[in-house]
A.B. asks: 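I have a structure here, written as structure tokens, and I will follow up with some questions on it.
If you're wondering where the values come from, they're calculated on a predicted model, not measured in any experiment. Just so it is clear: chains get the letters A, B, ... in the order the sequence lines come, proteins before strands, and each one is counted from 1.
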Amino acid sequence: MTGWLGPEARDALRLSLLVAATATGASLLPGLAIATLLARGRFPGRMLLDTLVHLPLVLPPVVTGYLLLIVFGRRGIVGGWLADHLGLVLAFRWTGAALACAIMGFPLMVRAMRLSIEGVDRKLEEAAGTLGAGPAAVFALVTLPLVLPGVIAGAILSFARAMGEFGATITFVANIPGETQTLPSAIYTFTQVPGGEGDALRLTLVSVAVSMLALVLSELLARSLKRRLGA
Amino acid sequence: MTGWLGPEARDALRLSLLVAATATGASLLPGLAIATLLARGRFPGRMLLDTLVHLPLVLPPVVTGYLLLIVFGRRGIVGGWLADHLGLVLAFRWTGAALACAIMGFPLMVRAMRLSIEGVDRKLEEAAGTLGAGPAAVFALVTLPLVLPGVIAGAILSFARAMGEFGATITFVANIPGETQTLPSAIYTFTQVPGGEGDALRLTLVSVAVSMLALVLSELLARSLKRRLGA
Amino acid sequence: MSALSVAVAHRLGAFALDVAFEAPAGVTALFGRSGSGKTTLVNVIAGLLQPREGRVAVGGHLLLDTAGSVAVPRHRRRVGTVFQEGRLFPHLTVRQNLLFGRWFAPRGEPGAEVGAVVEMLGIGPLLGRRPAGLSGGEKQRVAIGRALLAKPRLLLMDEPLSALDDDRKAEILPYIERLRDRAGVPIVYVSHSVAEVARLADTLVVLDAGRVAAAGPAGEVLSRLNVAPLSGARESGAVLEARVAAHDDDFALTTLVTGAGALRVPRVAAPLGTTLRIQIPARDVMLSRDAPRHTSALNVLPATVAEIRPIDAAGATADLRLACGDAVILARITRLSLAEMGLVPGAAVFALVKSVALDPARPPARGGR
Amino acid sequence: MSALSVAVAHRLGAFALDVAFEAPAGVTALFGRSGSGKTTLVNVIAGLLQPREGRVAVGGHLLLDTAGSVAVPRHRRRVGTVFQEGRLFPHLTVRQNLLFGRWFAPRGEPGAEVGAVVEMLGIGPLLGRRPAGLSGGEKQRVAIGRALLAKPRLLLMDEPLSALDDDRKAEILPYIERLRDRAGVPIVYVSHSVAEVARLADTLVVLDAGRVAAAGPAGEVLSRLNVAPLSGARESGAVLEARVAAHDDDFALTTLVTGAGALRVPRVAAPLGTTLRIQIPARDVMLSRDAPRHTSALNVLPATVAEIRPIDAAGATADLRLACGDAVILARITRLSLAEMGLVPGAAVFALVKSVALDPARPPARGGR
Amino acid sequence: QGGQGPTVFAAASLKNALDDAAARWAALGHPAPKLSFAASNVLEAQIEQGAPADLFFSADLDWMEKAQAAGLIAPGTRVDLLANAIVLVAPSDAATPIDIRPGFDLAKALGGGRLAMGNVAAVPAGKYGKAALESLGAWEGVKAHVAEAESVRAALAFVARGEAPLGIVYATDAAAEPKVRIVGTFPAGSHPAIVYPVAVTKASRNPDSAAFLAFLRGPVARDAFTKQGFTVLDRPAAAP
Ligand SMILES: Nc1ncnc2c1ncn2[C@@H]1O[C@H](COP(=O)(O)OP(=O)(O)OP(=O)(O)O)[C@@H](O)[C@H]1O
Ligand SMILES: Nc1ncnc2c1ncn2[C@@H]1O[C@H](COP(=O)(O)OP(=O)(O)OP(=O)(O)O)[C@@H](O)[C@H]1O
Ligand code: MOO
Ligand SMILES: [Mg+2]
Ligand SMILES: [Mg+2]
């Protein structure tokens, strides 16, 4: 393995895993919240929120990356505040890569969760209500477990997207080996040099293998969930 | 409008709409078929198919574009055959852009449809069977109508992705104005030169407006579907 | 103060619900044809449907008052509901379904005991399973248990026993009766079965097309003849208060003293002195002008014909109200018998009541009635 | 050749189904407690569950034979099924639900007429609506109509009437009877109600814990005393063949000739000479040693006590088999009466049958029985 | 003349200049050429896969040479047309000139910040920047502080946004961005010549291809190029 994957490639793999896992994990709660809002809410700004969530899908990734830079950069509105008050710097850090990946995968995650939430039989939630469960308890004990397949689907989409995202990432946090150079950034770099195809292919295979593993795990999880509901 | 959007931009908009609509439209049937297979099928290659479908999400878009070029290019294995036997050339044509966008949006579309299919109450399909409906009729008359929210969600995801996709597109079909230059390709090009930001922003706004419109339409459609089922 | 006070006006498409009634503690039966609005009313009381106008109060608690902008959210109403369609949580085991309400019920308060409920419903072997594999009746039993165990302040039961066989019903009904009598939980009980209603209900509310066709004490309403067409002609009958006066262990009989006289019925497992409610279905009362002898009818009550009302002038039968001691009982006989026996108001008759036709209102007489 | 032949062995978790029976044309009732395997059996016949081992044949058609590797797919079985839980298509209107099966039924064949079915089920006003807004009973009625209109070769009905009131049942039952008699569609009918079963069933299959506890002609099985505990003790009774012998328009009565003698019952809308099946519930038969006079009992049948069987030695009642003409009828009386009347096998008695207690098997006698 | 203008596959950084030149060509009554911009490596791969390009206008020599080696270029048509320079830029509000000379301490000038440049393996400006720093002996000291961007424009954006205190970009880009100021220019000898070669493809069937190439070398196009800051070399290359 050491011979087959150079140290840079191994750094990139490690980083990609970290970034993808962080991006997916950190998106879960906000994703669920927004999916619930979109699936259930009836409020004035609903369409706007919906559009906003879809934006990273619609915009060319480079544009998204540029917008991230403007907003979350050290001199950006939010980024400046984060840096000054929380000491949290995103630009040129792996955390920024995770943010970029989270945002790129967000519309996918939200949509999967939302579809599941819309599929929940509200009569079950009503029943839970009559048994004394308040809205939060109903959500945690009834809605959420029923929505789990959608949560898993959303997570795997977000994770896979994070494994493949580079346009926004490289634009926002650049391509610093060991810090922000994720697998796709590394692959991109190799494709840019004559003769780099072999290395690009190797990294691509690694990336595919990781994603496949995640996919298989998610399928197994989903299947066991389904089996429980089935009988 | 004429003054605000140059002729090139208008070409790009027209082309993007054509490409996104074609990509989405052409994905619907295969997407539905594969989603059904993945949701319902129990066959040996299932995990492989699943991975294959997710591949465009995992791979950096440029890599996907590169693979498309190799496979569907005029000198590619499939592309050559198509050109020689069917006279169908995809590379460097808008049809190729549609193919690229379709493939990039495919995992999103399939997942949305699949989630919906998995949510269908199979007891209803059984009931339809006892009433004499064969598998195809059950699918068309029961499954499909119940899955429509997922189909709409899948379509809008695919459409939005097509409006934003450029990595695979530009790699596969180049960036020829009026022929293969979609909105995101044009936006990308503008971001690559000094002074292009204004134009890039203008095109981005157009792209967002179009996607927002599509989103609103899809929401209205989904809402009317839901209302029908609700009472 | 009435235990339950309901006034609701609401529209659903072409259906208009406009209902108001008051009920004392005990079981209030909602009775009416399919589509008459029973479930809609249940939904309003449970807080699942916000009516256009309405006021609902249970015990001292105001749950809804559209005029005063009161609308207690459903999870604070503590209205345990058994739904017509089960609504079990598919992701939870039967045990978890049963205990769901426990999490939210006040710790201190007494409530139904899990073991007893499980036993009574016969769902012990199902506890570890999930609802998907349960039979129709099993689901319904779990749903009943789930509502019982939530320590409700009001129990709403929408046709809870319709998927159950008679034996199972015979085990569950007394439990509900005990709940009513011991725990003092008021119960709203939706049913199509006059037998069930007669047995359980203290108050009867008959709905017809979204309106109250009749409401009041169950005995009174059931005895009123014109309720019969609405409630299913077969089952009308008189409901009487009865006191347990003696037990006969040899023949497993109990003697009940009622306003209409003493009645012997299959043994009732209630201590002497207990007061029960019984129903005498009109069709189980036979009339004779002579005092009958050597018959299997244990109960022969002298009576006077008070009123004769053909249900349907072209029909075969007539309903008679009979003054019998302090009480009124009903009898349904053919018009031919009426003519042959020459019965007119004021005529003296003997009412033969088959003991097995009695419906004691507390633990069931196993093996027939 | 039997119209329906079923043999099935299958396991579901801890539950084992092992059932075999043959049934002639007409209605076969599946009867048994909650969880006894009725729905599982229905699923096997409908083709929704592939059993480990089994053979199912309807009329000449082999639907399933695991030994011979035959498994006709469900859509080719033409087994119209009314499910215990409705299963209406939520995206279709009531009308579209009703007509769903029409698309797939052979054009030429005659089948139930839409207008008649809609009328009978009282769902005319619902046609344009979607299932979500229907009441429980409305849903069930639509489900019945949907199965009827699919021109089935076999009709499977899993507790189809459980959510309906008596009046509505009284409208639907005769329709099912007509279907059985005119269209010759065999029917498998799952029910908890002995009254329904007695009225409809030609063949009765009693399931207990996945096995056949009793099977055979309905009259026979219902009369066999030991079925009573399984089937719910209240409702056992004798089932007799009856011929319509005379109509009395003045009193709206019909005279039926049975093996036990002539019986007068509320008018039956069947032409003279028609053969019907009637049930005489054991609890509706009163016994007298003397010939009774001036009573409201229209039907007094001389009989001889054939057998006395206390259902339960500690119980209040005993069941008697009475030889009565060519037939056997059942009576349930208290053990006290038994002792007081000094009844022993061979004793001569008069059986008083309340005319209103009869269950004619063809169009119902409206207004009481 | 009627027919279709030639299709030019050109590096994205040439967009402004080529748009201008193409407009001038069309103004002379010729059918307008079609310009397809992308990264040079992508363009080369596309031509290799049979893209309908009549001219290939690369942003560096490597990809042109690869195309030539693959036999994609019409022999004798290649011209090394344009040249550019790389400069060190800083945000305009914090710019202090830096003396770029052998051994200068760039890391110190960064003050802990990052040096933004195009990807040093892929983006031409990155490759040139790295070569220059190496030849000046500054690479090792600064290597660990480099933030490589996906394009030179992205590197420029890092500086313009103040994310990076310094960056290496083309003189052409620096001139057009008011938010940055040039703090030093790399000596021409410190890196391989920054050359934009253009050639007619072997597969070109367009009758105007040669004429358009000639036009690009002519005075009208020269004006368009110099206006964008390019130096016009116009040095015919030896056939490989
Ligand atoms: N998948 C399963 N796993 C385990 N047990 C099962 C499964 N499916 C059904 N059973 C059990 O099989 C038994 C028979 O179920 P079935 O639905 O046939 O009963 P039923 O006679 O229709 O009862 P009901 O009158 O309550 O509808 C039940 O005890 C049920 O719990
Ligand atoms: N959303 C709706 N739109 C139109 N009509 C409705 C709607 N919801 C309910 N209804 C009608 O209101 C009436 C009352 O329904 P409800 O469910 O209360 O009846 P129910 O008395 O419970 O009947 P069942 O005994 O059949 O369950 C029905 O006729 C039903 O069709
Ligand atoms: O198109 Mo990208 O370049 O999606 O990451
Ligand atoms: Mg209801
Ligand atoms: Mg069942």
A.B. asks: Report which part of B/Ala174 has an atom under 4.5 Å of a heavy atom belonging to chain E: side chain, backbone, both, or neither.
C.D. replies: both

A.B. asks: Say whether, by atom type as modelled, one donor and one acceptor occur between the side chain of B/Ser27 and the main chain of B/Gly105 under 3.5 angstrom.
C.D. replies: no

A.B. asks: Testing E/Trp25, E/Phe212, E/Phe215 for ring-ring contact (aromatic ring centres under 6.0 Å, His included) with E/His30, which one passes?
C.D. replies: E/Trp25

A.B. asks: What part of B/Thr189 lies closer than 4.5 angstrom to a heavy atom of chain E: side chain, backbone, both or neither?
C.D. replies: both

A.B. asks: Before accepting this row, confirm whether a basic side-chain N of the pair E/Glu48/E/Lys66 lies closer than 4.0 Å to the acidic partner's carboxylate O.
C.D. replies: yes

A.B. asks: Just by modelled atom types, is the B/Ser16 backbone N or O under 3.5 Å from a matching donor or acceptor in the B/Thr182 side chain?
C.D. replies: no

A.B. asks: Any side-chain donor-acceptor pair under 3.5 Å between B/Glu165 and B/Thr169?
C.D. replies: yes

A.B. asks: What part of B/Tyr66 gets within 4.5 angstrom of chain E, counting heavy atoms only: side chain, backbone, both, or neither?
C.D. replies: side chain

A.B. asks: I need the residue from E/Ala45, E/Ala154, E/Ala17 with the largest number of non-hydrogen atom pairs under 4.5 Å to chain B.
C.D. replies: E/Ala45

A.B. asks: Chain B heavy atoms under 4.5 Å from E/Phe9: which part of the residue, side chain, backbone, both or neither?
C.D. replies: side chain

A.B. asks: Given heavy-atom pairs under 4.5 angstrom as the criterion, report whether the side chain, backbone, both or neither of E/Gln228 touches chain B.
C.D. replies: neither

